[in-house]
Structures are given as structure tokens and as C-alpha cells.
Amino acid sequence: MKKEIKAYNNVLELVGNTPLIKLSKLTEEIPGNFYAKVEAFNPGHSSKDRIALHIIEEAERQGILKPGDTIVETTSGNTGFSLAMVSIIKGYDCILAVSSKSSPDKIDMLKSMGAKVYVCPAHVSADDERSYYNVAKRLHEETKGSVYINQYFNDLNIEAHYKTTGPEIWDQTNGQITHIIACTGTGGTLSGTAKFLKEQNPNIKVLGVDAYGSVLKKYHETREFDKEEIYPYRIEGIGKNLIPTAIDFDVIDKYTKVTDEDSAHMTRQIAKTEGLFVGYTSGAVMQAIKQFAEEGEFDENSIVVAIFPDHGSRYMSKVFNDQWMRDQGFFDSVNLEEVQKIEY
Ligand code: PMP
């Protein structure tokens, strides 16, 4: 009789069910208990595996996607990588319009996964015909048998996290979670996760993280689109120059904004102190925890879950590159002795 082979049928079976890891050193001085939901453990190394798989499988269920069809999307990199991965396994072509702000390693990775990549200028407005939104729309219109994922305006983005990330965190904390905190780009991660968690316990506090240079925090507070808030910044994947419908602003209690520089240093500190090699926006979330703590948001009983969206390997030419840090002026204001002590 044949013995069982303990193997997965393909990488897609490993999407989701990411671990919750207790943070210790970084949060030592802050009252409360802090855990990171480390999405780098997904096979595509980011939380975007969840939405790529969910949106594509939902399109298949609805008969919108047929074998040999094409997936089209705009992406800062992570969603593209996940879509390319799912496309390979399921036999679709994948076309991606990405921002020129994306790191070269991210773009090379997309190409390695068989995607066709169009690099579009980052510092044009969303309605400019060269913006990656409009380029993707045009590619979709011009490619027969294509599906436009449209993560910023697709309810299935929220639903993916409502069905997976939220229940996982509720289960992992045995329903004891008091705060959920995450960066918002499309807003799908925080909105979907928080929607599920608030249905279980409406007292859970939902904390959003935005970037300086993005309109989201201000929109949350005023429900007005303030163009003055928009200017270039460096973190990829967080903040926006438009209002995505994948953000449910009503489910978010409070926002904070983080700087490129603070987030970059924090990302490096997470690796040095917690042994967690995670991406730039994980540093942004950690920085936000520090800022919320300064506002008195947490106490000894707080059980805080922070979503760390992706893996550090995607930032080798940026945050984890000393020359890049120097070029941004991120080493100018730090005490060099301190820097040497933690071996930057
Ligand atoms: N961090 C990174 C690195 C991302 O790529 C994204 C997605 N744009 C986010 C955070 C934010 O996730 P969401 O789009 O679900 O708000």
C-alpha cells in the first residue's frame, strides 16, 4: 500500500494562517501587550496573497475569468507579485502597471514571476493619462479577455481580509484583542479585518496609519478631499492621493501619520531587536504604535495586534541600504555613536 506523501499541491495552499508573534524589546517601555501578525509568512511574502487569491477565485466562481484570460492591475509591487504567483498556478497571463516609486528589486521580481510590467511616473495626479490607474484601465480595455482587479475600488479586497485575517486574529488572541493597528493603502487590510473584529466585539479600537503626503487621515477626520495634504513621500504601499472605496472610514476610530524617516529607522530596529526581517510599512506601524502610546492610547491590559504587511528582502536597495539612507538624509539627524552601537 502506498504511504501518504505529506506535501502541498501548490504554493496557493499556503496562503493565510500567518503567525502572531509577540513583540518584546521594542515595546518594553510601552504599557500593554503587543503582537505582530507577520504577513511575510505568506508564500508571496505579503498580505496581498490573500486578496489576489480571493479576487481571482471569486471571478472564477462568477464565470468572469476563463482559462487563458489576462489579469490586469495597478500595484506598488506586492499585489502584483501575488497576482503573478496566482496567475502562474492557475494559468492566466498577468499585466501590471506599477509606479516608478517602486523599488527596482520589486519590479525585477514581478518580471521573474512572468508578469509583463509597465512602469508609470509616480508624481502625476491620479487623473493624468500617464498615472498607473489610467494606464491599467487602458491596458484592460485594449486586452481582450482581461479582468481588471482594481484593488482600490474592489469590495472583494475588504472581503478577503474579512474572511481570513480578521477570523485568524480573533482566534489567535482567543477573543482578547483590544486594539488592531495597520497601515492603509487601499485600506482593504484594516477595513476588512476591523469589520470582522468589531462584529465580535464593538469595543475593539481600530487604529489607522497614514503617511505625511497622503490625504487619508484628513479625509477620515473631515470627509473632505484636501489637495493641500498631497506631496511626494518615499514609503511604498501606505497612504494615497485619492480616496479608495476599499477603505471603510467608519470602522476606523483614529489615525496617525508617520514620516518616511521615523519609519525607516524603525524598520531597521525591528530587524535588530526582534529578529524580524520585515518591510518599510512594518516600521511605519511600529512608529505609529509609539505615537499612539505617547497619546496614552494603551494601558497594561491592552492586547494590541499590529499588521506587518511584507518581508524585508523587498527593501534591500532602500531602507536596508546604508547609502540610500544617507542619500535621503536619514542619517543626518541621528547620533552617530548611537548608530554605530546598533551597527547600522
Ligand atoms: N504595506 C505594504 C508594503 C503594501 O504594499 C500595502 C498595500 N498597498 C499596505 C501596507 C497597505 O495595505 P492595504 O492596501 O490593504 O491598505
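What you are looking at is a predicted structure, and each value in this text was computed from that prediction instead of being measured. Each ligand, and each atom within it, is numbered from 1 in the order the structure gives.
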Any donor-acceptor pair under 3.5 Å linking the side chain of [X] with the backbone of [Y]?
| X | Y | value |
| --- | --- | --- |
| Thr79 | Thr75 | no |
| Asp260 | Ile235 | yes |
| Gln176 | Ile303 | no |

Identify, by atom number and element, the atoms of ligand 1 in contact range of [X], meaning under 4.0 Å from any of its heavy atoms.
| X | value |
| --- | --- |
| Gly187 | 13 (P), 14 (O), 16 (O) |
| Gly188 | 15 (O), 16 (O) |
| Gly185 | 11 (C), 13 (P), 14 (O), 16 (O) |
| Thr189 | 12 (O), 13 (P), 15 (O) |

Checklist entry - Is there any N or O on Gln151 that sits under 3.5 Å from an N or O of ligand 1? => result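 Checking ligand 1 against Gln151, no N or O pair falls under 3.5 Å apart.
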Checklist entry - Do any nitrogen or oxygen atoms of Asn78 lie less than 3.5 angstrom from nitrogen or oxygen atoms of ligand 1? => result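 Yes; at least one N/O pair falls below 3.5 Å.
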Checklist entry - Which word best sums up how the rings of Tyr255 and Phe249 line up, parallel for under 30°, tilted for 30 to 60°, or perpendicular for over 60°? => result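 Answer is tilted, since the angle falls between 30° and 60°.
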Checklist entry - Parallel under 30°, tilted from 30 to 60°, perpendicular over 60°: which one fits the rings of Phe298 and Phe34? => result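 Plane angle over 60°, so perpendicular.
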Only distances under 3.5 Å count here; give the side-chain donor-acceptor pairs of residues 60-68 to other protein atoms, sequence neighbours excluded, each with its distance to 0.1 Å.
| unit_1 | atom_1 | unit_2 | atom_2 | d |
| --- | --- | --- | --- | --- |
| Glu60 | OE1 | Lys90 | NZ | 3.2 |
| Glu60 | OE2 | Tyr92 | OH | 2.6 |
| Arg61 | NE | Glu58 | OE1 | 3.2 |
| Arg61 | NH2 | Glu58 | OE1 | 2.8 |

Checklist entry - Does Thr184 have a heavy atom less than 4.0 Å from any atom of ligand 1? => result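 It does, in that a heavy atom of Thr184 comes within the 4.0 Å cut-off of ligand 1.
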Checklist entry - So is Lys48 close enough to ligand 1, meaning a heavy atom under 4.0 angstrom away? => result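 A heavy atom of Lys48 does come that close to ligand 1.
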Answer side chain, backbone, both or neither: which part of [X] comes under 4.0 Å from ligand 1, heavy atoms only.
| X | value |
| --- | --- |
| Tyr315 | side chain |
| Thr186 | both |
| Thr281 | side chain |

Checklist entry - When you measure from the centre of the six-membered ring of Phe330, is the NZ or CZ of Arg268 under 6.0 Å away and within 45° of the axis? => result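 Because its charged atom misses either the 6.0 Å distance or the 45° angle limit, Arg268 does not stack over Phe330.
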